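What you see is a predicted model; the values in this text were computed from it and never measured. Chain A is the first sequence line, chain B the second, and so forth, proteins listed ahead of strands; every chain is numbered from 1.
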Number of protein chains: 2
Amino acid sequence: MANRSDTKTRILDAAEKLFAERGFSETSLRLITSKAEVNLASVNYHFGSKKELIRAVLARYLDVFMPVASAEIVRLQASDKNASLNDIFSILVEPLLDLNKVRAEGTSTFLQLLGRGYIESQGHLRWFITTHYGEHLDQFVKAVADSAPHIPPAEMFWRLHFTLGTVVFTMASADALIEIAAADFSEHNNIETVIRKVIPYLSAGVSVPVN
Amino acid sequence: MANRSDTKTRILDAAEKLFAERGFSETSLRLITSKAEVNLASVNYHFGSKKELIRAVLARYLDVFMPVASAEIVRLQASDKNASLNDIFSILVEPLLDLNKVRAEGTSTFLQLLGRGYIESQGHLRWFITTHYGEHLDQFVKAVADSAPHIPPAEMFWRLHFTLGTVVFTMASADALIEIAAADFSEHNNIETVIRKVIPYLSAGVSVPVN
DNA sequence: CTCTATTTTAAACACCCGTTTAAATTAAAC
DNA sequence: GTTTAATTTAAACGGGTGTTTAAAATAGAG
């Protein structure tokens, strides 16, 4: 067996950067392989298809993030039965920032990929995420619902999707927004400060009494 | 001069439907012209390019919506100097729903197009909207800021973008969400009920006190 | 009716895409 | 060192894209 990891990793590293920056369908395999300095055909050799490469890029982050986030929520619920929405959202910040230890710019890249993933390609990515990480997602949804018991389940469904939209859109365009905020308000943000800004916004929206 | 309007309108009608459903880059000119039952080359003849067609599709709605929405906000601010955020967001509902009088499914189509527009094609659409409708947008931003004077401008910048994300993402995937809500909660929504659900969420998030 | 300008049409152009093939190369096993 | 398996490579395949061209058809003006 030859040195399998190197080419594969080079492809994943180049792909995740380009996918996060430009989106999946706007990033061609030829661009990825030229940045990675590997042959075009090696993507299909190692991953089978572009779709599977996309899934592999996301899985590399989700496999790290999801179990940690899940464990943190379990821990929070065990230690504080009346955890607030702010507490629940906030407990995800550290696992998110820890992705910077996995790879440089890991947090920002992961969140942007997640945004792109939900915005583009209705089919296979949603399916991939819900079937592979559904239990973790359910647990998160349940934790949020328990923290806002005055919101009926159907209303909570909508509010969680509003929340998803806020996060996904903000993260997908975070780089541009951070630049504009710096130019217009001399306010120098990074992904962490943006995450900390969005949490109160989300908590307030999710928990606002219905009528 | 020949019957110029028919082909042009057929293209716009087919294009806006397909763009709203599938996004801009996922919709080919060949698909549009076959649905519109016109020749492929007529798009370039009447609009110049695909980009200009996209702008024309959006302009047809924005030209109706923006002046009306603007006038309503002026009217509200004149009649009630202490209009709440809910009031401001709510005053946009009627102009939005009036788009159903312009064309069938007008409201839903317009909002989905707006969502697609902000998600895709970073460059030309943002530029087009801000340069052509910038005054109306500024007025709206100012009205919101006046209604939440306790939020500093830089913070308001971020919250308005969170809001944009919520709206854009929700509207771009509204059809799918309405279906899921019907299946999972036997709750039968349409674009109007979704708009009315999202407004309190947005108002709460935008006005929540910082720290 | 005739002439001119506008519009429609079929065809081709030039380019980019993901994927496949088969040969060349490299690494591992014996 | 030879054989076998894994990997890399260059090239081509088949298909889709937006756009352009030049001829045909249509409509309006004199």
Side-chain angles (χ1 to χ4, degrees), chain A residues 1-59 113 116-117 120-125 127-128, chain B residues 1-59 113 116-117 120-125 127-128:
Chain A
M1 188 189 306
N3 175 8
R4 97 160 21 202
S5 73
D6 192 47
T7 301
K8 226 173 159 173
T9 306
R10 293 178 70 86
I11 293 172
L12 287 169
D13 289 347
E16 76 167 39
K17 189 166 187 297
L18 292 166
F19 284 154
E21 282 172 7
R22 317 157 43 99
F24 301 113
S25 62
E26 308 300 320
T27 304
S28 69
L29 295 184
R30 281 169 177 82
L31 182 59
I32 293 169
T33 52
S34 79
K35 291 270 180 195
E37 297 181 276
V38 301
N39 187 273
L40 167 63
S42 57
V43 172
N44 290 286
Y45 176 76
H46 284 289
F47 298 96
S49 69
K50 186 181 179 180
K51 278 188 181 179
E52 288 172 87
L53 169 62
I54 294 172
R55 289 198 282 264
V57 165
L58 262 135
L113 287 171
R116 304 283 188 188
E120 293 186 46
S121 71
Q122 323 281 10
H124 73 106
L125 264 186
W127 172 88
F128 171 75
Chain B
M1 189 188 303
N3 176 9
R4 100 162 15 204
S5 75
D6 192 47
T7 301
K8 225 172 160 173
T9 307
R10 294 177 69 86
I11 293 171
L12 286 169
D13 289 346
E16 75 168 39
K17 189 167 187 298
L18 291 165
F19 284 155
E21 284 172 5
R22 318 158 41 102
F24 300 113
S25 60
E26 309 299 321
T27 304
S28 71
L29 295 184
R30 282 169 178 81
L31 182 58
I32 293 169
T33 52
S34 78
K35 291 268 179 196
E37 298 180 275
V38 302
N39 187 274
L40 167 63
S42 58
V43 172
N44 290 285
Y45 176 76
H46 284 289
F47 298 94
S49 67
K50 185 180 180 180
K51 276 188 182 181
E52 287 172 86
L53 170 62
I54 294 173
R55 290 199 281 264
V57 165
L58 261 132
L113 287 171
R116 303 282 188 189
E120 293 186 47
S121 73
Q122 323 280 11
H124 73 106
L125 265 185
W127 172 87
F128 171 74

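Applying the salt bridge (charged side-chain N to carboxylate O under 4.0 Å, His left out) rule to B:Lys17 yields the partners B:Glu21; only residues at least two apart in sequence or on another chain are considered.
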Give the intermediate values and the outcome of side-chain contact (heavy atoms from CB on, under 4.5 Å) for residues B:Phe24 and B:Leu125.
-> CA-CA 11 Å; B:Phe24 300 113; B:Leu125 265 185; 3.9 Å; yes
Derivation and outcome, side-chain contact (heavy atoms from CB on, under 4.5 Å), residues B:Arg10 and B:Ser42 = CA-CA 11 Å; B:Arg10 294 177 69 86; B:Ser42 58; over 6 Å; no
Please tabulate the protein-to-nucleotide N/O contacts below 3.5 Å involving nucleotides 16-19 of chain D, giving atom names and distances.
unit_1: D:dT17; atom_1: OP1; unit_2: B:Ser28; atom_2: OG; d: 3.2
unit_1: D:dG18; atom_1: OP1; unit_2: B:Leu29; atom_2: N; d: 3.4
unit_1: D:dG18; atom_1: OP1; unit_2: B:Lys50; atom_2: NZ; d: 2.9
unit_1: D:dG18; atom_1: OP2; unit_2: B:Leu29; atom_2: N; d: 2.9
unit_1: D:dG18; atom_1: N7; unit_2: B:Arg30; atom_2: NH1; d: 2.8
unit_1: D:dG18; atom_1: O6; unit_2: B:Arg30; atom_2: NH2; d: 2.9
unit_1: D:dT19; atom_1: OP2; unit_2: B:Asn44; atom_2: OD1; d: 3.2
unit_1: D:dT19; atom_1: OP2; unit_2: B:Lys50; atom_2: N; d: 2.9

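Considering only side-chain N and O atoms, A:His46 lies nowhere under 4.0 angstrom from the phosphate OP1 or OP2 of D:dA6. Put simply, B:Ser42 has no side-chain N or O that comes within less than 4.0 Å of OP1 or OP2 on C:dT7. Applying the 4.0 Å criterion to OP1 and OP2 of C:dA10, one finds that B:Asn39 has a side-chain N or O inside that range.
For the atom pair A:Leu40 CG and A:Leu29 CG, the distance stands at 6.5 Å (nearest 0.5 Å). If you take CZ on A:Arg55 and CH2 on A:Trp127, they are separated by 6.5 Å, rounding to the nearest 0.5 Å.
Spacing between atom OH of A:Tyr45 and atom P of D:dA5 amounts to 13 Å, rounded to whole angstrom units. Nucleotide C:dT19 holds its P atom 9 Å from the CD atom of A:Glu52, rounded to whole Å. Computed from coordinates, the B:Asp6 CG to D:dA27 C1' distance equals 14 Å when rounded to whole Å. Nucleotide C:dC17 holds its P atom 10 Å from the CD1 atom of A:Ile32, rounded to whole Å.
For the pair A:Phe47 and A:Leu12, the minimum side-chain heavy-atom distance is below 4.5 Å.
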